[in-house]
Undergrad: 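Attaching a single structure in structure tokens format; questions to follow.
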Amino acid sequence: MIKVAPSILSADPANLMKDVEQVQGADYLHVDVMDGSFVPNLSFGLNTVKGLAQDCDIKLDVHLMIQNPENYVEQFAQAGASIIGVHVESTQHIARAIQLIKQAGAQAEVVVNPGTPLTELEELLPEVDQVLIMSVNPGFGGQKFLESSISKVKRLSALRQARGLEFDIEIDGGISDQNVKQVYDAGVDVAVAGSYIFNAPDYTKQVQTLKDLTK
Ligand SMILES: O=C(CO)[C@@H](O)[C@H](O)COP(=O)(O)O
Ligand SMILES: [Co+2]
């Protein structure tokens with residue numbers, strides 16, 4: 001069964017904790033951090049991660065969409081992030097960023113945009129706990145799922161098997177009941193879903209539907 005990480009980018013920012021409390025059965029909470037430079041949008045920061053870590057039991061999966069994330073990963077780990085994701089496109093020093101995440105005691109994730117080939121992260125695969133394949137161009141919730149990400153997941157999953165590695169594959173962007181089975185069958189372990197969960201009346205039911213479709 002697939003793991004589900006609701007993305008709070010689509011939750012009500014004025015009632016964040018209330019929304020979060022209403023999602024039951026999720027495996028992680030996905031927190032998008034944007035700097036207005038790496039992506040053309042602003043979102044949550046360190047204080048939100050700190051607050052959520054203090055008030056919720058669920059593990060925080062923090063997706064950094066910021067330039068030079070290596071300058072901030074230690075602070076996000078201290079704030080309570082369990083998994084920290086850094087984009088290969090966001091720094092000249094991706095291997096150092098991953099090293100620093102692990103040194104800070106968090107799980108390390110490398111992220112690729114739809115236009116970035118897997119060759120950009122091949123060397124990093126033995127070092128990471130999770131790889132995030134973006135299935136939309138990052139910056140906004142509610143975008144259309146890019147079909148090309150299916151073959152990318154299949155190729156990554158084959159590479160993982162061929163090299164005997166154990167990282168999880170996560171997918172982020174446009175996930176719904178229409179494509180969750182397809183991405184699961186391609187090799188995805190963790191599905192991020194924002195608008196599919198928070199734009200519905202019953203968040204818990206949406207999480208359960210995604211899981212049930214991959215039983
Ligand atoms: O990182 C991002 C967007 O950049 C995501 O985590 C979105 O928040 C996913 O939202 P949906 O596409 O599921 O609505
Ligand atoms: Co995200």
Side-chain angles (χ1 to χ4, degrees), residues 2-13 16 19-20 23 26-45 48-49 52 58-67 69 72-73 76 81-90 101 106-116 128-150 152-153 168-184 188-201 203 205-207 209-211 213-214:
I2 205 158
K3 291 183 244 183
V4 176
S7 174
I8 58 167
L9 191 63
S10 293
D12 177 357
L16 195 53
D19 269 7
V20 166
V23 199
D27 298 274
Y28 309 115
L29 203 60
H30 184 84
V31 184
D32 287 319
V33 175
M34 304 180 185
D35 66 355
S37 173
F38 179 67
V39 289
N41 198 4
L42 294 162
S43 60
F44 308 108
T48 306
V49 171
L52 288 169
I58 192 160
K59 281 185 173 182
L60 302 178
D61 171 41
V62 176
H63 176 191
L64 297 182
M65 286 163 273
I66 62 176
Q67 299 285 1
Y72 295 95
V73 293
F76 276 101
S82 294
I83 304 170
I84 301 178
V86 284
H87 274 257
V88 287
E89 307 87 358
S90 67
I101 294 170
Q107 289 191 292
E109 172 189 80
V110 65
V111 191
V112 274
N113 280 338
T116 304
V128 297
D129 299 288
Q130 191 158 285
V131 176
L132 170 53
I133 301 290
M134 288 307 297
S135 43
V136 296
N137 287 302
F140 303 93
Q143 301 182 76
K144 191 177 175 300
F145 177 78
L146 296 171
E147 293 291 333
S148 59
S149 43
I150 303 263
K152 205 173 195 178
V153 168
D168 270 357
I169 301 178
E170 184 175 54
I171 196 157
D172 185 5
I175 296 298
S176 72
D177 53 0
Q178 299 301 302
N179 52 26
V180 71
K181 174 84 167 83
Q182 207 184 358
V183 300
Y184 182 69
V188 166
D189 305 285
V190 187
V192 175
S195 49
Y196 175 73
I197 291 174
F198 289 105
N199 291 357
Y203 310 153
K205 189 171 152 215
Q206 300 297 96
V207 172
T209 300
L210 294 179
K211 286 180 171 277
L213 285 166
T214 58

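One-based numbering, in listed order, for ligands and for the atoms of each.
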Undergrad: For D189, check salt bridge (charged side-chain N to carboxylate O under 4.0 Å, His left out) against everything at least two apart and list the hits.
TA: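 Salt bridge (charged side-chain N to carboxylate O under 4.0 Å, His left out) list for D189, sorted by chain: R160.
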Undergrad: Verify whether one side chain among D61 and H63 offers a donor that lies under 3.5 Å from an acceptor in the other.
TA: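 Judged by distance alone, the side chains do not pair up.
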Undergrad: May I have the N/O to N/O pairs between ligand 1 and the protein that fall below 3.5 Å, each with atom names and distance to one decimal?
TA:
residue, atom, partner, partner atom, Å
ligand 1, 1 (O), D32, OD1, 2.9
ligand 1, 1 (O), D32, OD2, 3.4
ligand 1, 1 (O), H63, ND1, 3.2
ligand 1, 1 (O), D172, OD2, 3.0
ligand 1, 4 (O), G139, N, 2.7
ligand 1, 6 (O), S7, OG, 3.4
ligand 1, 6 (O), H30, NE2, 3.2
ligand 1, 6 (O), D32, OD1, 3.1
ligand 1, 6 (O), D32, OD2, 2.8
ligand 1, 6 (O), D172, OD1, 2.8
ligand 1, 6 (O), D172, OD2, 2.9
ligand 1, 8 (O), S7, OG, 2.8
ligand 1, 8 (O), D32, OD2, 2.9
ligand 1, 12 (O), G174, N, 2.8
ligand 1, 13 (O), G194, N, 2.8
ligand 1, 14 (O), G142, N, 2.8
ligand 1, 14 (O), S195, N, 2.9
ligand 1, 14 (O), S195, OG, 2.6

Undergrad: About how many Å separate CG of D129 and CD of Q107, when rounded to the nearest 0.5 Å?
TA: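 That separation rounds to 4.5 Å.
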Undergrad: CG/L16 to CZ/F44 distance, rounded to the nearest 0.5 angstrom?
TA: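 Output value for this atom pair is 5.5 Å.
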Undergrad: Applying side chain to side chain contact (heavy atoms under 4.5 Å, CB included), can you list everything that pairs with V39, at least two apart in sequence or on another chain?
TA: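 With sequence neighbours excluded, V39 shows a side chain to side chain contact (heavy atoms under 4.5 Å, CB included) to M34, M65, P138, given in chain and number order.
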Undergrad: Would a distance-only check, ignoring hydrogens and angles, find a side-chain to backbone donor-acceptor pair under 3.5 Å from N179 to S176?
TA: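 Looks like yes, one N/O pair under 3.5 Å.
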Undergrad: side-chain contact (heavy atoms from CB on, under 4.5 Å), that's the test. Do V112 and L132 meet it? Break it down for me.
TA: CA-CA 6 Å; V112 274; L132 170 53; over 6 Å; no
Undergrad: Keeping to distances under 2.8 Å, can you name the protein N/O/S atoms close to the Co ion (ligand 2)?
TA: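 Listed by chain and number, the atoms are H30 NE2, D32 OD1, H63 ND1, D172 OD2.
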Undergrad: Establish, from distance only, whether the side-chain atoms of S90 and Q67 form a donor-acceptor pair under 3.5 Å.
TA: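 The criterion, which ignores hydrogens and geometry beyond distance, is not satisfied for Q67 and S90.
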Undergrad: Would you say OH of Y72 has more than 12 non-hydrogen atoms from neighbouring residues, nucleotides or ligands within 6.0 angstrom?
TA: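 Counting other residues, nucleotides and ligands, OH of Y72 stays at 12 neighbours or fewer.
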